[in-house]
Asks: 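Dropping a structure here in structure tokens format, bear with me for questions.
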Amino acid sequence: MSKKIEYSLFDDVSGFVDDAAKHLDLHPGLLDQIKQCNSIYKFNFPLRNDDGTYETLTGYRIQHSHHKLPVKGGIRYSEHVDEEEVKGLAALMTYKCALVNVPFGGAKGGVSIDPLKYNEGQMERITRRYTAELIKKKFIGPAIDVPAPDYGTGAREMAWIVDTFEAFNPELINAKGAVTGKPLSQHGIDGRTEATGQGVFFGIREAVSVEDDMQALGLTVGLKGKRIIIQGLGNVGYYSAKYLSEAGAKIVGVAEWNGGIWDESGIDIEALKTYQIENKGFKGFKKGEFIKNSKELLTYPCDILVPAALENQITKENAAQIQAKIIGEAANGPVTNEAEKILLKNGVMVIPDMYLNAGGVTVSYFEWLKNLSRVSFGKLEKRYDMEKYRKLLGTIENATGERFTDDEKDGLIKGASERDLVLSGLEETMVTAYHDMNRTRKEKGIQSLRTAGFILALQRIAISYMDLGIFP
Ligand code: GLU
């Protein structure tokens, strides 16, 4: 039997939900309703290749929970995409949105392809056809289901999706809100590209700021000097590594699917990323040691391990060898249920995916709001605020007889740009959710932050059903 069949992300997520439900008094019927996927759409469609041959591709869009609409979640292009994976990822979106208070149900989509095997023209045809299949069944729309980027997709694919959606819905004034993660020229939002990594940074920063938690782990407070290993240097891994190292942490290892780099003196992330783009991997990078079997890097000595690639990376096979004190799940589902039990027994703190990578969907929410209002954040009040602060500074100068320097003045007067507001909203979301989750963990006397996160999410989702009188 292949490994793929044994492992089910959806079953793993359901197991985490069950662990949390033990601490709540939910009607079993309600718990079952929450856990199951509301709608599953699987379809096959043809792709005509440049040489005239055809292939049949399989696509999915799975809506896990309609307790809030629209549903929200990315589209993944990878060879691993199958129904179990998309179901699991869709379910995670539901709990993630509930935990960080973003008013969406969860969904996920995907096409089972290796995107590296197709050229740009083929990718465009696949994406537009995929979108048309969603439109046919009303599985996309600003009030229904709003896709976004995920592993193997980005702003380019989102531009094709919105363009296709608009072509089919020319009368819909909110059509731009049918997908997020779009390029800025297509009404995207400033800061969405780096949002997930930025959120990972805020989340880890909060975790290491809690003195008693760090003491229990035998770590000092703060990011300065913390040794970090990152798995995956794609969008999420790269921005996480960038912000963490800018805050004083030391990236000592980076693992990619085709090899890793280990350097205890600290890796220059910008240089490594540039090298990776030019050479399609790390082999030959001038500094550090090349590690052929990069999976081994996960067990190297460090303070924080950040898996930022795919699910099912830390399993019962390697969990006991993990030396990190903290695992920050930037990817979805990197630690299996069985592995987490081993890690907790060994005193490792796991900052769960449903919280740590919620920065992406949080900023997607801001993008969707921008699209519905058709005005960028800060556009109306920026000048007004600047004028008000200018007058205030003038009043202070007159009253005190002192003068601000030009630099001080510029800093104080500057009105908030769209990017400033996005960052502020993201930071607020990540800070609040971390402490909500950690407080719940302590109140319930449990060790697992993930269980605490699921408890909070379940409570919020359950209320939506109970207030409708569907369940007692
Ligand atoms: N794919 C991202 C995630 O897993 C973002 C989803 C979104 O922005 O809707 O959270």
Side-chain angles (χ1 to χ4, degrees), residues 9-10 13 60-65 68-78 80-81 85-111 134 139-142 144-155 157-158 161-162 176-183 188-189 191-200 202-203 232 234-237 239-240 307-311 328-334 351-371 422 425-426 429-430 433 453 457:
L9 178 63
F10 183 70
V13 175
Y60 302 85
R61 185 71 185 169
I62 297 188
Q63 300 174 344
H64 172 259
S65 178
K68 283 198 194 299
L69 289 171
V71 291
K72 188 88 190 76
I75 293 173
R76 179 172 287 202
Y77 286 173
S78 129
H80 299 283
V81 163
E85 182 185 61
V86 183
K87 273 170 69 182
L89 293 166
L92 272 174
M93 288 307 303
T94 297
Y95 304 111
K96 188 185 302 188
C97 291
L99 176 63
V100 296
N101 266 317
V102 165
F104 297 131
K108 203 78 166 202
V111 182
L134 298 189
F139 260 67
I140 182 171
I144 300 171
D145 186 339
V146 183
D150 197 79
Y151 190 91
T153 61
E157 283 72 21
M158 302 307 119
I161 293 175
V162 78
K176 295 278 189 219
V179 58
T180 59
K182 303 179 292 292
I189 198 165
R192 175 63 185 84
T193 308
E194 50 278 64
T196 310
Q198 182 81 58
V200 168
F202 285 140
N235 173 285
V236 178
Y239 283 109
S240 303
L310 288 169
E311 62 271 18
E329 294 186 330
N332 287 308
I351 313 174
D353 49 5
M354 61 181 305
Y355 162 71
L356 196 62
N357 69 33
V361 74
T362 301
V363 176
S364 276
Y365 171 48
F366 303 153
E367 180 176 336
W368 180 74
L369 290 175
K370 171 183 174 175
N371 296 151
V422 162
L426 175 59
T429 305
M430 296 305 293

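First listed ligand is number 1; within each ligand, the first listed atom is number 1. No hydrogens, no waters, no symmetry mates; every other heavy atom, side chains included, goes into these values. For reference, positions follow the sequence shown, starting with 1. These numbers were taken from a predicted model, which means no experiment stands behind them.
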Asks: Please state which protein non-hydrogen atom is closest to atom 4 (O) of ligand 1 and give its distance, to 0.1 Å?
Replies: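 Here the closest protein heavy atom is K108 NZ, 2.9 Å.
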
Asks: Please state which protein non-hydrogen atom is closest to atom 8 (O) of ligand 1 and give its distance, to 0.1 Å?
Replies: S364 OG, 2.6 Å

Asks: Is ligand 1 under 4.0 Å from a heavy atom in the side chain of L92, in the backbone, in both, or in neither?
Replies: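 Within the 4.0 Å criterion, L92 makes no contact with ligand 1.
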
Asks: For the residue pair Y95 and M354, establish whether any side-chain heavy-atom pair is separated by less than 4.5 Å.
Replies: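 Answer yes - side chains close enough.
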
Asks: When you measure from the side chain of K182 to the backbone N and O of A155, does any donor-acceptor pair fall under 3.5 Å?
Replies: no

Asks: Are any of the heavy atoms in P149 under 4.0 Å away from ligand 1?
Replies: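 It does; at least one heavy atom falls under 4.0 Å.
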
Asks: Given 3.5 Å as the limit, does a donor-acceptor pair link the side chain of W368 with the main chain of P142, or not?
Replies: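 Such a contact is found between W368 side chain and P142 backbone.
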
Asks: Would you say S364 and R192 make side-chain contact, with heavy atoms under 4.5 Å?
Replies: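 In contact.
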
Asks: Got the closest protein heavy atom to atom 10 (O) of ligand 1, with its distance?
Replies: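 Protein heavy atom with the smallest distance to atom 10 (O) of ligand 1: K96 NZ, 2.7 Å.
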
Asks: Write out the residue and atom name of the closest protein heavy atom to atom 9 (O) of ligand 1, then the distance separating them to 0.1 Å.
Replies: K72 NZ, 2.8 Å

Asks: Considering only heavy atoms of N332, which atoms of ligand 1 have at least one such atom less than 4.0 Å away?
Replies: 4 (O)

Asks: Would you call K108-E85 a salt bridge at under 4.0 Å N-O?
Replies: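 Salt bridge between K108 and E85, a charged N being under 4.0 Å from a carboxylate O: no.
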
Asks: In terms of residue, atom name and distance, what is the protein heavy atom nearest to atom 7 (C) of ligand 1?
Replies: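 For atom 7 (C) of ligand 1, the nearest protein heavy atom is A148 CB, 3.3 Å.
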
Asks: Should K72 and E367 count as an ion pair when the cut-off is N to O under 4.0 Å?
Replies: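 Judged by the 4.0 Å cut-off on N to carboxylate O distance, K72 and E367 do not form a salt bridge.
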
Asks: Quick one: nearest non-hydrogen protein atom to atom 5 (C) of ligand 1, plus distance?
Replies: R192 NH2, 3.6 Å

Asks: Give the atoms of ligand 1, by number and element, whose distance to some non-hydrogen atom of M93 is under 4.0 Å.
Replies: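 Those atoms are 3 (C), 4 (O), 6 (C), 10 (O).
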
Asks: Atoms of ligand 1 less than 4.0 Å from G360 heavy atoms?
Replies: 8 (O)

Asks: Between I75 and R61, is there a side-chain heavy-atom distance shorter than 4.5 Å?
Replies: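 A side-chain contact under 4.5 Å exists here.
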
Asks: Find all atoms of ligand 1 within a distance of less than 4.0 Å from any non-hydrogen atom belonging to G74, and give their numbers and elements.
Replies: 1 (N), 6 (C)

Asks: Evaluate Y151 against Y77 for ring-ring contact (aromatic ring centres under 6.0 Å, His included), listing each step before the verdict.
Replies: CA-CA 6 Å; Y151 190 91; Y77 286 173; over 10 Å; no

